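Small disclaimer: the values here were computed from a predicted structure and weren't measured. One-based numbering, in listed order, for ligands and for the atoms of each. All values below were derived from every heavy atom in this structure, side-chain atoms included, with hydrogens, water molecules and symmetry-related copies excluded.
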Amino acid sequence: MIITRRTLLQASAGGAAFSFLGLRAAYADLPKLAKKATYKVGFAQTESNNPWRLAQTASMKSEAEKRGCQLVYTDAASSAAKQVADVRSMIAQKVDIILLAPREEKPLIPAVFEAKKAGIPMLMIDRNVDPTQAHAGVDYVAFIGSDFVKEGNMAAEVLTKAMGGNAKIIELQGSIGASPANDRKKGFADYIKDHPGMQIIASQSGDFARDTGRKVFETLYQAHPEATALYSHNDEMTMGALSVLDAAGKKAGTDIIIASIDGTKDACQAIADGKVLVVVECNPKFGPAAFDAVFKYGNGETLPVSLVNTDRVFTKDNVAAYLPEAF
Ligand code: AHR
């Protein structure tokens with residue numbers, strides 16, 4: 001049987017597992033990376049407006065330096081269109097490989113195909129592109145990051161247990177169209193569908209940003225003063241919501257029980273202070289894993305199409321031990 005890209009897409013669309021043979025055949029179609037002592041690596045960052053992004057960039061820069069690689073770094077400043085242009089500029093600069101943290105799932109698809117056409121391999125770092133349009137092992141080499149569905153699931157489990165299965169929940173979603181926003185929403189919803197007392201009464205995007213999260217939560221909480229819980233897709237929006245609760249004279253941790261995701265210093269300190277129930281980790285320190293993958297690929301090794309981080313769950317029982325390494 002001759003396995004083509006079309007065969008793989010059909011298998012994927014039908015939900016069938018890729019065969020080893022199929023993966024190898026498709027892999028052969030990907031741009032190669034010549035073995036070198038050091039590489040010119042493009043890193044296309046999404047934005048730099050929160051501690052998670054800053055920690056990710058610092059990790060990538062420090063690992064590039066450690067390995068003697070030249071890093072071509074761009075910051076898309078929260079614009080998917082700019083990020084596509086950033087990738088195009090990396091292609092023009094003839095980088096050896098591109099590490100892309102795609103801001104949103106769909107708008108970055110052209111950048112993936114253009115890099116492939118230019119013969120430049122690409123690794124997806126932390127976020128992913130639309131899996132129905134571009135495939136790891138076929139259109140780009142591999143995805144390295146967290147299982148966002150599982151993160152949402154874990155947040156829901158801890159919240160559901162703490163609330164005895166009953167809560168009126170405000171959900172602050174991440175950036176519209178971003179894979180962590182889509183998947184964290186899905187993971188949480190999947191868990192609570194078996195707990196009819198857990199109801200999402202309002203859900204809106206706070207764009208993963210502290211100030212937008214603050215404004216959106218303020219509006220939603222005013223409209224829904226009966227809310228008893230907050231599920232926030234990241235810690236920055238949680239910090240925004242905490243400032244709203246403070247200003248309204250409400251007690252976070254008593255009046256509203258909060259589940260969040262990331263593991264920032266601020267949010268983890270809020271667990272220690274009794275204001276936040278749980279933070280599910282999303283580790284931003286991608287440098288070592290990303291550059292390991294670059295060098296392995298350059299050595300001609302076949303990478304797994306998906307390298308998934310193991311995320312921890314922080315509550316009042318274990319947060320003190322984590323706080324010194326929080327970002
Ligand atoms: O893609 C990871 C998410 O993006 C993090 O949760 C968030 O803080 C960041 O902006």
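Among all non-hydrogen protein atoms, the one lying nearest atom 2 (C) of ligand 1 is D126 OD1, 3.4 Å. Of all protein heavy atoms, the one lying nearest to atom 6 (O) of ligand 1 is D262 OD1, 2.6 Å.
Checking Q70 against T38 by side-chain atom types alone, no donor-acceptor pair falls below 3.5 Å.
Below 30°, between 30° and 60°, or above 60°: for H233 and F208 the angle between ring planes is between 30° and 60°, a tilted geometry.
R214 has a carboxylate O that lies under 4.0 Å from a charged side-chain N of D211, or vice versa, which qualifies the two as a salt bridge. At a threshold of 4.0 Å, the pair D96-K36 counts as salt-bridged, since one of the basic side-chain nitrogens sits closer than that to a carboxylate oxygen.
Atoms of ligand 1 found under 4.0 Å from any heavy atom of N234, numbered from 1 in the order shown, are 6 (O), 7 (C), 8 (O). Close approach of ligand 1 to P180 is summarised as follows: ligand atoms under 4.0 Å from at least one heavy atom of the residue are 1 (O). Annotation for ligand 1: atoms under 4.0 Å from non-hydrogen atoms of R127 are 1 (O), 3 (C), 4 (O), 9 (C), 10 (O). Applying the 4.0 Å criterion to heavy atoms of R53 picks out, from ligand 1, the atoms 1 (O), 2 (C), 3 (C), 4 (O), 9 (C), 10 (O).
For the pair V158/L277, a side-chain contact is recorded, criterion being any heavy-atom separation below 4.5 Å from C-beta on.
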Compile the donor-acceptor pairs under 3.5 Å between side chains in residues 98-109 and protein atoms, sequence neighbours left out, one pair per line.
residue	atom	partner	partner atom	Å
R103	NE	S78	O	3.0
R103	NH1	E47	OE1	2.7
R103	NH2	D207	OD1	3.0
E105	OE1	N182	ND2	3.1
K106	NZ	D130	OD2	2.8

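Scanning N50, T46, N128 for the heavy atom closest to atom 10 (O) of ligand 1 points to N50.
Every pair passing salt bridge (charged side-chain N to carboxylate O under 4.0 Å, His left out) that includes a residue from residues 65-92 is listed here, sequence neighbours excluded: E63-K66, E63-R67, R67-D292, K82-D86, R88-E114.
Of the polar atoms of H233, none of the N or O atoms is found under 3.5 Å from an N or O of ligand 1, judged by distance alone.
Contacts of R184 with ligand 1, taken as heavy-atom pairs under 4.0 Å, involve the side chain alone. Of all the heavy atoms of E236, none lies under 4.0 Å from any atom of ligand 1, so neither backbone nor side chain is involved.
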